[in-house]
Amino acid sequence: MDTLHYILIAVAVLTGIVGILIGILLRKGIAEKKIGSAEAEAKKIVESAEKAAGAKKKEALIEAKDEIHKLRVECDKEIKERRSEISRQERRISQKEETLDKKSEALEKKEELVNKKNKELEEMQEKTAALHQKQIEQLEKIASLTKEEAKQTLIASIESEARHEAAMLIKEIEDQAKDEAEKKARKIIGLAIQRCAADHAAEVTVSVVALPNDEMKGRIIGREGRNIRTLETLTGIDLIIDDTPEAVVLSGFDPVRREVARLALENLIHDGRIHPTRIEETVEKAQKEVENIIKQEGERATFETGVNGLHPELVRLLGKLKYRTSYGQNVLMHSIEVSHLAGLMAAEMGADVNLAKRAGLLHDIGKALDHEVDGSHIEIGANVARKYKENNEVIHAIMAHHGDVEANTIIACLVQAADAISAARPGARRENIEMYIKRLEKLEEIATSFSGVERSFAIQAGREIRIMVKPDDVSDESMVLVARDIVKKIEDELEYPGQIKVNVIREVRTVDYAK
């Protein structure tokens with residue numbers, strides 16, 4: 001049973017193997033048939049492709065030949081056209097060459113004619129020059145003048161005539177401009193002065209303290225001079241006690257310190273108790289009192305002028321101007337007056353009234369510090385205004401109000417004019433007699449330094465100068481030029497308040513005697 005089983009299994013295996021081999025052989029045959037048919041098909045495709053390629057090649061060759069033929073025809077046509085164009089250009093060039101040859105021949109002929117004419121012209125010029133020279137010689141003989149002398153005479157005549165016409169024109173223009181400008185300026189300044197009622201009397205710095213009796217001098221001096229030394233040390237002011245009856249003179253450069261010393265001394269005299277401790281208390285009290293007065297005066301000035309928004313330190317410096325004088329004129333009163341005048345003139349001209357008042361009030365602010373800081377009051381004032389952030393136009397007006405810099409704004413010009421008006425009022429300022437005499441002498445010296453001036457006289461306290469000219473040296477027309485030159489020199493060399501009128505006088509007198 002077992003053997004049969006194994007035999008059946010072996011037969012089954014062999015049968016499977018035989019089946020597999022038969023399947024393989026069948027598949028191989030089928031594959032070989034497919035390969036053969038594929039190769040035949042491939043050959044057919046290759047043959048058909050070769051036939052198609054041959055046909056395409058023939059068609060391409062035919063098209064290429066046709067294209068080459070067309071290009072050749074077009075090239076031949078273009079070559080023919082270019083040849084015909086070149087031939088036409090050659091004909092034109094030949095024609096132009098013929099024309100140029102003809103023109104060159106004509107130019108040569110013209111050049112010959114021009115040369116001939118030039119020679120004839122040179123000969124004519126030589127003959128004309130000779131005739132001209134003969135005429136000049138004959139004219140010199142007839143006129144008894146050489147050519148140069150005649151030329152100088154003619155030039156002098158033309159120059160004199162031109163100067164005459166220029167002087168007449170200048171006079172006419174100046175008269176017209178002066179008429180219009182003076183009318184407007186007088187109207188504006190007149191209205192401003194009429195509407196400004198500021199006090200303009202000159203002041204004298206207080207430096208004398210009255211005493212009830214001469215015995216008080218000894219009490220002020222104290223035992224071994226201790227009282228007077230204490231007072232001088234605390235105030236920085238010298239006390240001069242001399243033979244002047246019932247008076248003590250205070251001497252010092254700082255006006256505020258001098259005011260402190262004056263108040264302290266008056267309070268001590270009124271109190272009667274004079275000793276070092278009491279002097280210290282009184283001086284301290286006087287300092288506070290003066291500081292309070294300074295603040296009040298500054299506030300009063302701003303209120304009176306209507307200038308608001310000033311820095312408190314600027315208000316304080318304005319108050320200090322109460323104790324500062326210039327040529328005897330109180331600087332605070334002068335500043336208030338300038339502020340009013342500048343504002344009134346600005347209103348008449350349509351300018352900024354508030355800015356003009358502000359600039360006028362602060363224009364001399366530097367004088368409050370010129371005893372403490374080096375430099376001119378203009379430079380100090382500009383620096384102070386710049387420090388406290390003032391308007392640039394106000395700073396410029398401060399710098400320009402004495403002409404140190406050129407006035408570039410209407411506000412600066414108004415402050416200049418207001419400052420001059422305030423200073424030039426009769427009685428507003430006092431002047432040292434020696435300086436006054438020197439100014440008048442310098443004014444007359446400037447006038448007499450010009451040629452043709454015979455005499456000069458400074459009158460009206462130096463506000464006018466009358467100049468007598470020599471009638472033989474200065475004509476009526478040239479008087480305008482002489483006056484202008486003198487005015488220019490006065491402006492350049494002399495310092496003066498207000499303005500100076502230059503009056504040039506030419507007088508011709510004829511004297512004869514009846515016998």
Side-chain angles (χ1 to χ4, degrees), residues 188-189 192-193 196 198-200 203 255 297-311 313-347 349 351-371 373 375-425 428-429 495-498:
I188 292 170
I189 293 173
I193 292 174
C196 178
D199 184 13
H200 54 267
E203 293 186 2
E297 287 296 324
E299 291 173 351
R300 181 186 66 83
T302 58
F303 177 77
E304 187 174 335
T305 56
V307 176
N308 300 317
L310 286 179
H311 192 279
E313 185 61 25
L314 289 178
V315 175
R316 178 179 170 277
L317 292 176
L318 278 173
K320 286 184 71 175
L321 294 179
K322 174 181 171 62
Y323 303 108
R324 179 72 161 80
T325 60
S326 178
Y327 293 97
Q329 186 179 27
N330 185 279
V331 178
L332 180 59
M333 296 302 296
H334 166 68
S335 298
I336 293 172
E337 185 174 7
V338 170
S339 178
H340 285 307
L341 288 169
L344 292 171
M345 289 190 287
M349 297 179 68
D352 190 335
V353 175
N354 293 328
L355 192 60
K357 282 187 173 184
R358 195 182 193 92
L361 186 62
L362 296 177
H363 80 285
D364 270 345
I365 195 72
K367 288 184 178 180
L369 294 169
D370 58 357
H371 290 306
V373 181
S376 67
H377 76 278
I378 294 170
E379 182 182 352
I380 296 169
N383 290 336
V384 169
R386 199 176 289 113
K387 178 181 178 182
Y388 295 112
K389 311 298 182 184
E390 267 301 320
N391 188 294
N392 288 331
E393 287 199 39
V394 173
I395 297 171
H396 175 68
I398 293 171
M399 296 176 67
H401 78 275
H402 279 320
D404 290 35
V405 298
E406 185 178 357
N408 295 325
T409 63
I410 186 66
I411 300 299
C413 294
L414 289 175
V415 172
Q416 275 187 347
D419 183 51
I421 292 169
S422 176
R425 284 191 177 197
R429 292 188 172 187
E495 293 184 2
Y496 52 91

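From a predicted model like this one, the values you see are computed outputs, not experimental measurements.
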Task: L321 side chain near E297 side chain, heavy-atom distance below 4.5 Å - done: no
Open item on the list: Within the 4.5 Å heavy-atom criterion, are R316 and E313 side-chain neighbours or not?
Closed with: yes
Task: Nearest heavy atoms of A397 and V415, plus distance in Å - done: CB-CG2, 4.2 Å
Task: I398 to A382 - nearest heavy-atom pair and separation - done: CG2-N, 3.7 Å
Task: M345 to A417 - nearest heavy-atom pair and separation - done: CE-CB, 4.1 Å
TODO: Under the side-chain contact (heavy atoms from CB on, under 4.5 Å) rule, what do L318 and I365 come out as? Steps first, then yes or no, please.
DONE: CA-CA 6 Å; L318 278 173; I365 195 72; 3.9 Å; yes
Task: S339 side chain vs S335 backbone, donor-acceptor pair below 3.5 Å - done: no
- [ ] Rounded to the nearest 0.5 Å, what's the gap from NE2 on H402 to NE2 on H377? Could you check?
- [x] 3.5 Å
Task: Student check: side-chain heavy atoms of H396 and N392 closer than 4.5 Å - done: no
Open item on the list: Contact between L310 and E390 at the side-chain level, heavy atoms closer than 4.5 Å - yes or no?
Closed with: yes
TODO: Taking all non-hydrogen atoms of both residues into account, name the closest pair between A400 and A412 and its distance.
DONE: CB-CB, 4.3 Å
TODO: Can you measure from NE2 (H401) to SG (C413) and round to the nearest 0.5 angstrom?
DONE: 14.0 Å
TODO: Please tell me if the side chains of H340 and E304 come closer than 4.5 Å, counting only heavy atoms from C-beta onward.
DONE: yes
Open item on the list: Applying the side-chain contact (heavy atoms from CB on, under 4.5 Å) criterion to E393, which one of D352, T409, N408 satisfies it?
Closed with: T409
TODO: Answer yes or no: is there a side-chain heavy-atom contact under 4.5 Å between V394 and L355?
DONE: yes
Task: CD1-NZ distance between I395 and K387, expressed to the nearest 0.5 angstrom - done: 13.5 Å
TODO: Return the minimal non-hydrogen interatomic distance between A351 and L414, and the atom names on each side.
DONE: CB-CD1, 4.4 Å
Open item on the list: Test side-chain contact (heavy atoms from CB on, under 4.5 Å) on K357 and V353; report intermediate values, then the result.
Closed with: CA-CA 6 Å; K357 282 187 173 184; V353 175; 4.2 Å; yes
Open item on the list: Less than 4.5 Å apart, side chain to side chain, heavy atoms only: is that true for Q416 and D419?
Closed with: no
Open item on the list: Distance check, rounded to the nearest 0.5 Å: D364 atom CG versus L317 atom CG?
Closed with: 12.5 Å
TODO: Taking the side chain as every heavy atom from C-beta outward, state whether L332 and I336 have any pair of such atoms under 4.5 Å apart.
DONE: yes
Open item on the list: We want to know whether H334 and H363 form a side-chain donor-acceptor pair, criterion being a heavy-atom distance below 3.5 angstrom.
Closed with: yes
